[in-house]
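Working notes, structure below.
The figures that follow rest on heavy atoms only: side chains count, while hydrogens, waters and symmetry mates do not. Order of appearance sets the numbers: ligands from 1, and atoms from 1 within every ligand.
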Amino acid sequence: MTQLKNDTFLRALLKQPVDYTPIWMMRQAGRYLPEYRATRARAGSFMGLCTSPAFATEVTLQPLERFPLDAAILFSDILTVPDAMGLGLYFAEGEGPKFERNLREESAVLALQPAPLEKLQYVFDAVASIRKALDGRVPLIGFSGSPFTLACYMVEGGGSDDFRHIKGMLYSRPDLLHRILDVTATSVTAYLNAQIDAGAQAVQIFDTWGGALSHAAYKEFSLAYMQRIIAGLKREADGRRVPVIVFTKNGGQWLEEIAAIGADCVGLDWTTDIGQARARVGDKVALQGNFDPNALFGSPAAIEAEAGRILAAYGHGSGHVFNLGHGISQHANPEHAAALVAAVHQLSRQYHV
Ligand code: CP3
C-alpha cells in the first residue's frame with residue numbers, strides 16, 4: 001500500500017499532534033462546482049455518477065484539484081443501502097430522493113432483509129478506484145447513513161418535513177420500527193466493513209435526522225443502533241487505526257452520550273459552541289465541524305473571521321477536524337470555499353506549537 005503523504009486528518013481524529021488543523025467539507029464534491037455539473041451531465045444523472053467507479057472517482061477528486069483539502073470522501077449517497085434492500089431509489093428532478101416502495105405497511109417491514117452486498121459492489125469498486133487515484137495524497141473517508149436516518153427515508157418513501165409516518169410508527173408500533181432499525185444496522189455494519197476492506201481509511205456515520213427525535217426516543221431509536229454498528233466495525237487496516245466519526249445533526253444536547261458509544265470523533269453542526277463541546281467530551285473523542293455552511297455566503301474577510309473564531313474557541317492542541325456543520329450549498333461560491341480552506345490552514349498553525 002502507498003504511504004500517505006498527508007495524514008493530518010487521521011492524526012487529528014486520534015488527537016495526535018499535527019502542524020495545523022485539517023479541513024474537509026461535507027458534500028465537497030457537488031453542484032456548487034461547475035466541473036461537477038459537467039461530469040454529471042456526461043453521466044446522465046446523479047445515480048449514473050454513483051454507479052460508475054470511473055465517474056465516482058473523477059468527481060471525488062474534483063474538489064481536491066481546486067483546494068488543498070486534507071481528506072477525500074467517497075462520492076456516493078447514504079440511500080444506496082435502502083436501494084440495495086429493494087426499495088427502488090430514484091431522483092425526481094428538483095424533488096430530491098424518492099423510493100418506489102416504502103415501509104409503511106407491516107407486511108413490508110416484516111419482509112425487509114439486509115442488503116445483499118453484491119448489489120453494492122459498485123460502491124466498493126469506487127472506493128478501490130479512488131484509493132488508487134489518490135495515490136496516498138490524503139486519506140479516503142467511507143460513509144453510511146445511521147439506521148434511524150435511513151429509516152426516515154424508507155418509511156416516508158423519500159424526504160419529509162414532518163416525518164409523520166415514521167413518528168406514527170415510533171409511537172404506535174415501536175416493534176416495527178425496531179425491526180427496520182435492526183435489519184438496517186446489520187446491513188450498515190457489513191457495508192462499512194466492506195468499504196474498509198476496499199480501502200476506506202476512516203468512516204463516518206451520518207445521522208442527519210436523529211436530532212428530530214425526542215430526548216428519550218433519540219437514545220432508543222438512533223444512538224443505540226449507532227453504538228451497535230461501531231461495536232461491529234473493523235478498526236484497523238494496513239496496520240493503522242480506522243477512525244470512526246459519528247455526526248448527529250442537531251445533537252448538541254447529547255454530546256456526552258454520543259461521545260460514549262465508541263467513536264473516535266463526534267461531528268458538530270454550527271449550533272453548539274465548540275469550546276464548550278470540547279470541555280464536555282473531555283479527552284474521550286475528537287470533534288469535527290462546526291462552521292455554518294451558510295457563512296460561506298459572507299465575504300471572504302467574514303469567512304476568515306468566522307473560521308478564526310471557531311479555531312480560537314477550540315483552542316490549543318490536536319483533536320479538531322475543521323468542517324462545515326452540514327453540506328455545502330449548491331449556491332456556494334467556490335472562491336469562498338477556497339478562502340475558508342486557506343484561512344483554516346493559515347490561522348490554525350498558532351494553536352499547534
Ligand atoms: O460529502 C461528499 O462530497 C460525499 C457525497 C455525499 C452525497 N450525499 C452526495 C450527494 C454524501 C456524504 C451524502 C450523504 C447524504 N445523502 C446524506 C447525509 C448527509 C446530509 O447531507 O445530511 C443525506 C441525508 C443524503 C440524502 C440525499 N441525497 C438528499 C436529501 C439529496 C438531495 C438533496 C440535494 O442536495 O440535492 C441527495 C442527493 C445528493 N447526494 C447530491 C449529492 C452531490 C445532489 C445530487 C445531484 O447532483 O443532483
Side-chain angles (χ1 to χ4, degrees), residues 23-52 55-64 66-67 69 71-83 87 89-99 123 126-127 130 138 140-154 156-161 163 188 191-192 195 200 202-212 222 226 245-251 267-270 288-289 293 321 323-332 334 337:
I23 173 170
W24 68 279
M25 293 181 291
M26 218 182 282
R27 294 273 184 99
Q28 61 192 18
R31 284 169 297 186
Y32 74 108
L33 294 176
E35 57 271 34
Y36 170 86
R37 297 195 298 267
T39 308
R40 189 181 183 276
R42 274 199 290 132
S45 67
F46 170 67
M47 282 312 283
L49 287 178
C50 293
T51 54
S52 149
F55 279 132
T57 302
E58 185 177 319
V59 295
T60 298
L61 265 65
Q62 284 171 347
L64 297 157
R66 268 190 189 252
F67 322 117
L69 295 159
I73 180 160
L74 161 70
F75 189 83
S76 189
D77 199 81
I78 61 166
L79 301 178
T80 54
V81 170
D83 184 48
L87 270 61
L89 173 66
Y90 66 99
F91 284 84
E93 204 53 52
E95 280 185 71
K98 287 213 180 324
F99 286 111
V123 177
V127 169
I130 297 162
V138 291
L140 175 61
I141 307 166
F143 69 87
S144 171
S146 73
F148 180 73
T149 295
L150 294 176
C152 284
Y153 290 95
M154 293 193 284
E156 300 293 332
S160 171
D161 45 27
F163 303 106
V188 165
Y191 181 59
L192 287 175
Q195 290 184 37
V203 293
Q204 174 155 338
I205 302 171
F206 285 95
D207 186 29
T208 306
W209 300 119
S222 188
M226 295 197 287
I245 306 162
V246 21
F247 170 57
T248 293
K249 185 160 177 273
N250 276 309
L268 293 179
D269 61 28
W270 60 95
Q288 176 175 277
V321 171
N323 204 323
L324 312 183
H326 198 206
I328 188 168
S329 160
Q330 61 172 308
H331 307 292

Please write down residue, atom name and distance for the protein heavy atom closest to [atom].
{"atom": "atom 45 (C) of ligand 1", "answer": "F46 CD1, 3.4 Å"}
{"atom": "atom 14 (C) of ligand 1", "answer": "I78 CG2, 3.7 Å"}
{"atom": "atom 28 (N) of ligand 1", "answer": "D77 OD1, 2.7 Å"}
{"atom": "atom 11 (C) of ligand 1", "answer": "F143 CZ, 3.7 Å"}

Using a strict cut-off of 4.0 Å, indicate which atoms of ligand 1 neighbour a heavy atom of [X].
{"X": "F75", "result": "43 (C)"}
{"X": "F91", "result": "37 (C), 38 (C)"}
{"X": "T208", "result": "18 (C), 19 (C), 20 (C), 22 (O), 24 (C)"}
{"X": "Q28", "result": "1 (O), 2 (C), 3 (O)"}
{"X": "R40", "result": "46 (C), 47 (O), 48 (O)"}

Quick one: list whatever passes side chain to side chain donor-acceptor pair (under 3.5 Å) with S76, sequence neighbours left out. none

Could you establish whether [X] and ligand 1 come within less than 4.0 Å of each other, counting only heavy atoms on the residue side?
{"X": "A29", "result": "yes"}
{"X": "P97", "result": "yes"}
{"X": "L74", "result": "yes"}
{"X": "S76", "result": "yes"}

Measuring centre to centre across the rings, with the benzene-like ring taken for any Trp, is F247 within less than 6.0 Å of F143?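 No, ring centres 6.0 Å or more apart.
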
Do the ring centers of Y36 and F46 come within less than 6.0 Å of each other?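 No: the rings miss the under 6.0 Å criterion.
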
Do you know the tightest heavy-atom contact between [X] and [Y]?
{"X": "P82", "Y": "F99", "answer": "CB-CZ, 3.5 Å"}
{"X": "L79", "Y": "P97", "answer": "CD1-CB, 3.3 Å"}
{"X": "L74", "Y": "L140", "answer": "N-CD1, 3.6 Å"}

side-chain contact (heavy atoms from CB on, under 4.5 Å) between L89 and Y153: does it pass, once the steps are laid out? CA-CA 10 Å; L89 173 66; Y153 290 95; over 6 Å; no

Do any nitrogen or oxygen atoms of [X] lie less than 3.5 angstrom from nitrogen or oxygen atoms of ligand 1?
{"X": "Y153", "result": "no"}
{"X": "W24", "result": "no"}
{"X": "T149", "result": "no"}

Residue part near ligand 1, for [X], under 4.0 Å between non-hydrogen atoms:
{"X": "K249", "answer": "neither"}
{"X": "H326", "answer": "side chain"}
{"X": "W209", "answer": "neither"}

Would you tell me which option among M47, M25, R27 has the nearest heavy-atom contact to atom 1 (O) of ligand 1?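 Looking at heavy atoms only, R27 sits closest to atom 1 (O) of ligand 1.
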
Report the member of E95, R31, Q330 with the shortest heavy-atom distance to atom 35 (O) of ligand 1. R31

Has the side chain of T51 got a donor or acceptor atom that lies under 3.5 Å from a matching backbone atom of M47?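 Checked: pair present.
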
Just by distance, do the side chain of D207 and the backbone of S146 share a donor-acceptor pair under 3.5 Å? no

If you define the side chain from C-beta out and look only at heavy atoms, does anything of T80 sit under 4.5 Å from Y191? yes

Apply side-chain contact (heavy atoms from CB on, under 4.5 Å) to residues H326 and T208 and explain how you reach the verdict. CA-CA 9 Å; H326 198 206; T208 306; 4.0 Å; yes

Step-by-step side-chain contact (heavy atoms from CB on, under 4.5 Å) determination, Q204 to I73: CA-CA 10 Å; Q204 174 155 338; I73 180 160; 5.6 Å; no

Holding to side-chain contact (heavy atoms from CB on, under 4.5 Å), I want the full list of residues that pass it with A92, two or more places apart in sequence or in another chain. Y90, E95

